[in-house]
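Chain letters run A, B, ... following the sequence lines, proteins first, then strands; residues in each count from 1.
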Protein chains: 2
Amino acid sequence: MSIAVTGVRLGVAQAGIKSAGKDDLLVIALAPGTQTAAVFTRNAFRAAPVVLAERHLSANQGHPTHLIINTGNANAGTGEPGLAAANQCCNTLAELTASASSAVLPFSTGVIGEPLPADLICAALPAALEALQEDQWERAARAILTTDTRPKLRSVEVELDGQTCRVTGMAKGAGMICPDMATMLAFVATDARLSPALLQATLRDAVAASFNRITVDGDTSTNDAVTLSSTGGSGIEVKAGTPQAEQFAAAVTGLMIKLAQDIVRDGEGASKFVEIRVSGGESTEACDRVGRTIAHSPLVKTALFASDPNWGRILAAIGRAGLSDLNTDDVSIHLNGVLIAERGARAPSYTEAQGQAAMAAEDLVFEVALNRGGAQAVIWTTDLSYDYVKINAEYRT
Amino acid sequence: MSIAVTGVRLGVAQAGIKSAGKDDLLVIALAPGTQTAAVFTRNAFRAAPVVLAERHLSANQGHPTHLIINTGNANAGTGEPGLAAANQCCNTLAELTASASSAVLPFSTGVIGEPLPADLICAALPAALEALQEDQWERAARAILTTDTRPKLRSVEVELDGQTCRVTGMAKGAGMICPDMATMLAFVATDARLSPALLQATLRDAVAASFNRITVDGDTSTNDAVTLSSTGGSGIEVKAGTPQAEQFAAAVTGLMIKLAQDIVRDGEGASKFVEIRVSGGESTEACDRVGRTIAHSPLVKTALFASDPNWGRILAAIGRAGLSDLNTDDVSIHLNGVLIAERGARAPSYTEAQGQAAMAAEDLVFEVALNRGGAQAVIWTTDLSYDYVKINAEYRT
């Protein structure tokens, strides 16, 4: 079964930004009529390609013909020369394909603060165009990686009224992961046709439920971007306000959650995958804050690395999350179904042996019940290991 | 020159909470008439001794006769039995010294969630009382440590109108350090006499400028407490609203800043001491937020460990600190006096060699200028090293 999306061709090349012999350049060509929606980082320091991609997407009214993605250099913190370099890449691709420069969206990931070697990229663009094929998703998903150890590629078939369309997406990211509006880079495409408004709404809601729920290290990237392209190649049209739109949105959301979780599982130095479910809060925002405080606590994260059922550190993190008038007696914590803490202390039924058995699993679920309201939130995160320090002390992002 | 404070006696004993042969219990006896002010953690999960110490301090109107400090067990997350255990220690000391139980303030530090071995502590109290001497500050400062590698003990002479009084203090803390109102444990005493209101105000302001400006890992402890005791043993009285009160407050603040910095320098796994000065913000709160976002960034902290002048990560942290409408072109960053970034990019004058030379130092100053207002804030922090992970993956706090 092919995961290709009719109307989406991918071409990989080696520009020499990374070491010789490594794929580091990807061009995605979108068939005429394809509509693309995108969300970008809310970090105030936005990389040059983010600034330019957003500007071009507005100029071409959501109809870009090409996406250029390079790895090995983020083209962030590069000022005006960075914008000029991103522009040079778009211009060159536009000339080679006889399209408008504003029809090209640039994306970059890698080291921050180094000048983008635009000449290298431009020299490799013909090879990338030469290689364009619909069946290149897997090689493409590998070509966009940086400190990732494996590609993140997901595909799903959606049956709508007996007809079948497809959604395929890839993502990259392992560090500087705490997406706010979007994550590192993810490119999702479907052969269904959606109106611009429905496409953007579907993307926005799916990102809110997926990439914006994960964190590896709390550091929001300067280069985050997620796109959703709809080629219409399946002949299926999804209309706003219909049950099909809901079904389709659920499929996109499900796929993005899988990609987002793939990023966490491949988080820098990660040895655990942790789902933190916070319920019973006065608001989603309050539950979210508790979840993120636990997820970002270096003490919780190092305990996870040690497979130590250290509920005291979770409790301390909840306590500093800034909820007003938190009654600690109301709080309970379950770990993979085992009640470990209640009424501000270790649960009477809990034994250390239970906790250690539960913590030995690679996949963990922490359920925190605040018992002060009806709201809830989920956060997916990972541990903090020697390898996280090693990777980030040795790698210049 | 003695650092003793007339009216403050300290007695150390071995209760057997830590391994055999290790000091783990300290009693501080305060002469009659001594006034004590205290601030405690704002973590919603407050340890039993914090709850009881605050209650007792209110009941004795700031005139405790004894402080009991144990290490090796935080008596946090222990519910009602924890309160009972802390009470038992206070009651026993009260009986042994013929004072009221409410005149005793308990403090605990160490592992969270384990029952406090109150019987061991009570059995060792007579030995601690036996050992009470004014010249025991140094042994006392060692007795209260947990993962700390060295004692934090500071003393200063203050000359007021030709007369001399003394301020001596000790602190402990290396991990779970992000004080909010107070830090782990610090006990400061002076032989000057201050009114209760002036003593509390002096302590509050000094803590705000010292312990509340440091962070090792962003994790606010459940057991933070700082006390300031005034014995009046020097015969000097410091009155509110006088130049002497200002001089005295400056001395206390200076001493607490030194103790707070001692904690950062001894932070778990720390190899760097970093002062982050943020200026030009629209409010102190905004500058504080930028400073803490940089200080808590795992990517900045691992770059510090690697002595990597990775200004891109600092810039990314500033960008996600949540300032509204931040104009990144206005932001500049100096590292130990070297301009490394301006206008959202690497400074034209900057060379990697300069940056690496500056980063080789153990003491670093980052100056971040936001250029959008007149406010400023300072944060002291440290790096994130293999040893931080090792200590916290192996030690059960």
Heavy-atom pair count under 4.5 Å with chain B, highest-scoring of A:T78, A:T293, A:T302, A:V300
A:T302
Test item: A:Y388 and B:V389 side chains (from C-beta on) under 4.5 Å apart, heavy atoms
no
Identify which part of A:S297 has an atom lying under 4.5 Å from any heavy atom of chain B, answering side chain, backbone, both or neither.
both
Looking at A:R372, I want to see if its CZ is surrounded by more than 12 non-hydrogen atoms of other residues, nucleotides or ligands under 6.0 Å.
yes
Point-to-point distance, once rounded to the nearest 0.5 Å, from CG of A:L304 to CG of B:N392
12.0 Å
To the nearest 0.5 Å, how far apart are CG in B:N43 and CG in A:L315?
8.0 Å
Determine the option with the most heavy-atom pairs under 4.5 angstrom with chain B, choosing from A:D325, A:T328, A:V331, A:I318.
A:T328
Answer yes or no: does atom CZ of A:R343 have more than 12 heavy-atom neighbours from other residues, nucleotides or ligands under 6.0 Å?
no
Toward chain B, the part of A:F305 with a non-hydrogen atom under 4.5 Å:
side chain
Region of A:S385 that comes under 4.5 Å of a non-hydrogen atom in chain B
backbone
Answer key: most heavy-atom pairs under 4.5 Å with chain A among B:A76, B:A316, B:G82 is B:A316
If you tally heavy-atom pairs under 4.5 Å against chain A, which of B:A345, B:P298, B:A306, B:G113 wins?
B:P298
Given B:E80, B:R320, B:R346, the one with more heavy-atom pairs under 4.5 angstrom with chain A than any other is B:R320
I need the A:F45 CZ to B:D329 CG distance, nearest 0.5 Å.
8.5 Å
